[in-house]
Amino acid sequence: MNDCLFCKIAAGEIPSAKVYEDDKLLAFKDINPQAPVHILIIPKAHYESVNALDETSAPVVGDIMLAAKKIAAEQGLTNGYRLLTNIGEDGGQTVKHLHFHLIGGVKLSEKMV
Ligand code: 5GP
Ligand code: ZN
């Protein structure tokens, strides 16, 4: 866990372009944006992915959804946006700390989902 990139970002040890923070969550701009708005929302606590959540920790996903709604409004995404989380190798997860991508600012492809 000490080597986790997003734990280091959450701790302020690695800089990020922060857009939202509260006691449980941090949101910052993705370093390699796939759309005009591409923000990552993470819990400050380390969970590898959705697969690591249990009944006690799962409510953090609801917190992330509500933060996403606020951030999307602040970013002016009045016409919609996409929220997604990758899980494991086949899901394309490269950073093993739970995160949701908030993507928008353009009409997104309908190909995948
Ligand atoms: P994943 O592929 O795991 O779902 O998403 C990881 C995301 O983290 C990628 O979109 C990647 O661009 C982003 N990322 C990787 N390293 C950094 C970093 O050091 N800073 C920021 N802001 N984003 C990062
Ligand atoms: Zn972590």
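Given the structure is predicted, the values throughout are model-derived calculations rather than measurements. In each ligand, atom 1 is the first atom listed, and ligand 1 is the first ligand listed. Excluded from the calculations below are hydrogen atoms, water molecules and symmetry mates; all remaining heavy atoms, backbone and side chain alike, are included.
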J.: Using a strict cut-off of less than 4.0 Å between a Lys/Arg side-chain nitrogen and an Asp/Glu carboxylate oxygen, indicate whether Glu89 and Lys96 qualify as a salt bridge.
T.: yes
J.: Distance under 4.0 Å to a non-hydrogen atom of Phe28: what atoms of ligand 1 satisfy this?
T.: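 Those of ligand 1 that fall under 4.0 Å from Phe28 are 21 (C), 22 (N).
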J.: Considering only non-hydrogen protein atoms, determine which one is nearest to atom 16 (N) of ligand 1 and report residue, atom name and distance to 0.1 Å.
T.: Leu5 CD2, 3.3 Å
J.: Taking distance alone, with N or O pairs closer than 3.5 Å, would you say Ile31 contacts ligand 1?
T.: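 Looking only at distances, the answer is yes, because the N/O contact criterion of under 3.5 Å is met.
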J.: Between the Zn ion (ligand 2) and His46, which N, O or S atom of the residue is the nearest one?
T.: ND1
J.: Heavy atom of Gly92 under 4.0 Å from ligand 1?
T.: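 Distance cut 4.0 Å: Gly92 passes for ligand 1.
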J.: Rounded to the nearest 0.5 Å, what's the gap from NE2 on His46 to CG on Leu98? Could you check?
T.: 9.5 Å
J.: Measure the CD1-CG distance between Ile103 and Leu83 for me, rounded to the nearest 0.5 Å.
T.: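 So the gap between those two atoms works out to 8.5 Å.
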J.: Kindly write out the residues that satisfy side chain to side chain donor-acceptor pair (under 3.5 Å) with Ser57, not counting sequence neighbours, or none if the list is empty.
T.: Asp54
J.: For Lys96, is the nearest heavy atom under 4.0 Å from an atom of ligand 1?
T.: no
J.: Could you grab the distance from atom OG of Ser109 to atom CZ of Arg82, nearest 0.5 Å is fine?
T.: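 Here the interatomic distance stands at 6.5 Å.
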J.: State if His99 counts as touching ligand 1 under the rule of any non-hydrogen atom under 4.0 Å.
T.: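 Judged by the 4.0 Å heavy-atom criterion, His99 does count as contacting ligand 1.
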J.: To the nearest 10 degrees, calculate the angle at the Zn ion (ligand 2) involving ND1 of His97 and SG of Cys7.
T.: 110°
J.: Which value, rounded to the nearest 0.5 Å, describes the distance between Cys4 atom SG and His97 atom NE2?
T.: 5.5 Å
J.: Looking at Gln93, which atoms of ligand 1 are within less than 4.0 Å of one of its heavy atoms?
T.: 3 (O)
J.: Measure centre to centre between the rings of His101 and His99, then say whether the value is under 6.0 Å.
T.: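 Aromatic pair counts; centres sit under 6.0 Å.
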J.: Please indicate whether any nitrogen or oxygen in Phe6 is less than 3.5 Å from any nitrogen or oxygen in ligand 1.
T.: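 N/O-N/O distance below 3.5 Å does not exist for this pair.
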J.: Please report which non-hydrogen protein atom sits nearest to atom 22 (N) of ligand 1, along with the residue it belongs to and the distance in Å to one decimal place.
T.: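 Here the closest protein heavy atom is Lys29 O, 2.9 Å.
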J.: What I'd like to find out is whether the side chain of Phe28 reaches to under 4.5 Å of the side chain of Ile9, using heavy atoms alone.
T.: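 They are in contact (side-chain heavy atoms under 4.5 Å apart), so the answer is yes.
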J.: Could you list the atoms of ligand 1 found under 4.0 angstrom from a heavy atom of Asn32?
T.: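 Every atom of ligand 1 under 4.0 Å from some heavy atom of Asn32: 12 (O).
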J.: Just need the protein heavy atom nearest to atom 2 (O) of ligand 1, so name the residue and atom and give the distance.
T.: Thr94 OG1, 3.0 Å
J.: Asp30 versus ligand 1: do any nitrogen or oxygen atoms come within less than 3.5 Å of each other?
T.: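 Among all N and O atoms of Asp30, at least one is under 3.5 Å from an N or O of ligand 1.
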J.: Just let me know how Thr85 lines up against ligand 1, side chain, backbone, both or neither, with a heavy-atom cut-off below 4.0 Å.
T.: neither
J.: Quick one: side chain to side chain donor-acceptor pair (under 3.5 Å) partners of Tyr47, sequence neighbours excluded?
T.: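 None.
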J.: Which value, rounded to the nearest 0.5 Å, describes the distance between Cys7 atom SG and Glu13 atom CD?
T.: 9.0 Å
